[in-house]
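Reviewing the structure listed below.
Ligands are counted one by one from 1 in listed order, and the atoms in each one are counted from 1 as well.
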Amino acid sequence: MIEFINLKEQYRCLQNEIDSNIQAVLQHGKYILGPEVKELEQQLAEYTGVKHAISCANGTDALLMPLMAWGVGSGDAVFTTPFTFVATAEVISLLGATPVFVDIDPETYNIDVKKLEQSVKRVINERKLNPKAIIPVDLFGLPADYDAIMQVARKYGLKVLEDAAQSFGSVYKQKKAGSLADAAATSFFPAKPLGCYGDGGAVFTDEDELAEKLFSIRVHGQGQDKYENVRIGINGRLDTIQAAILLVKLKVFDEELRARNQIALKYTLGLKNVLKTPSIPDGLVSSWAQYSILAEEPEKRELIRETLKKAGIPTAIYYPVPLHLQQVFHKLGYKEGDFPISEDVSRRIFSLPMHPYLKDETIEEIIKVIQC
Ligand SMILES: *Cc1c(COP(=O)(O)O)cnc(C)c1O
């Protein structure tokens, strides 16, 4: 059977070390914020090239916490794309702020920076909302265009939070994802490029003051002492066992990234004449959370997926409905046609099996089925 993501194979390869790391936690008994958590945070910060990594309970909390630290709330506008996982926009609404959607670039599927600036200007002119922050998403593992994004952000005095939930390990002009904005959020959900065996996440930043606030928010807004509460926070800690597992996986992570890139290259060589394969701008390296391709038209997509399914090859659609058309965001007042690129892509895109343990003959088989 061909798996969309094969986590069991990775466990088979790392079993001895993972089992012994879990055992060590069970033995020392520091299940919450144990030594493995600090160790992981140091290694994550070093890997990413930032001063501070603050581990947390999941990628959604990793997005939520910096917005809380910046005081994002009612009356604030936060700009992001509608072509992402719901969590990106959900955290904005959760704080009472307003998500302002901006369409994506048709080549990278990441936020279109020209449209971003137009949108910021429009919000300023309307005088209803206070433009506060931007959450670019590094979709499918490919970093957004941060040089251009940071320029717009500085011009209008906006904070930038990188949604690196899918892009841990990816590179933008020699810098790692997680280091590309004022703060970044990643996820260790099992299916992400670096995944644990439950929920997990981390926030990255170079700013000392922000890091201090994030450590406090992570534990109910605590002050110097556990029972001194200085701000509203959450229960957002990463379990020690998950940190112990991630420490093992981090050691082989670069090797896995190389494998993912080789697999993506093979897919692209085999498919670029049949379908629209991913385009990776110069100087960028994707972490290939997903390998996503575009069919010429929606009917063609269903036909290819059906053929693949019959051959025992699973596919997935990220994302079938852009967020501005989801019921939950109905009250924002968007309608069909507002973000034509996101809408068009959502009707034609689909993803192929992608994990570092995918075998050559499986890749060839998948390519052959699609070529027919
Ligand atoms: C997975 C994901 C999240 C949320 O991460 P969780 O760990 O599942 O909370 C946020 N944004 C994007 C783009 C994601 O893919």
note = Atoms of ligand 1 under 4.0 Å from any heavy atom of Thr60, numbered from 1 in the order shown, are 4 (C), 5 (O), 6 (P), 9 (O)
request  = Below 4.0 angstrom from a heavy atom of Ser187, which ligand 1 atoms are there? Numbered from 1 as shown, please.
outcome  = 5 (O), 6 (P), 7 (O)
inquiry  = Side chain, backbone, both or neither: which applies to Thr84 and ligand 1 if a contact is any heavy-atom pair less than 4.0 Å apart?
reply    = side chain
inquiry  = Applying the side-chain hydrogen bond (donor to acceptor under 3.5 Å, both in side chains) criterion to Gln43, which one of Glu41, Glu39, Glu46 satisfies it?
reply    = Glu39
task = Give the atoms of ligand 1, by number and element, whose distance to some non-hydrogen atom of Gln166 is under 4.0 Å.
result = 13 (C), 14 (C), 15 (O)
query = Are any of the N/O atoms in Asp163 less than 3.5 Å from those in ligand 1?
reply = yes
message = Would you say Glu256 and Gln10 are linked by a side-chain donor-acceptor pair, where the criterion is simply a distance under 3.5 Å?
response = yes
request  = Compute the shortest N/O to N/O distance between Ala165 and ligand 1 and return yes if it is under 3.5 Å, no if not.
outcome  = no
ask   = Just which atoms of ligand 1 are under 4.0 Å from any heavy atom in Gly59?
value = 5 (O), 6 (P), 7 (O), 9 (O)
Distance flag, aromatic centroids of Tyr334 and Phe339, threshold under 6.0 Å = yes
Taking atom 1 (C) of ligand 1 as the reference point, the nearest protein heavy atom with its distance = Lys192 NZ, 1.5 Å
ask   = When the ring centroid of Tyr47 is compared with that of Phe168, is the distance short of 6.0 Å?
value = yes
message = Regarding Glu3 and Lys8, does a basic nitrogen lie under 4.0 Å from an acidic carboxylate oxygen?
response = yes
query = Would you call Glu17-Lys251 a salt bridge at under 4.0 Å N-O?
reply = yes
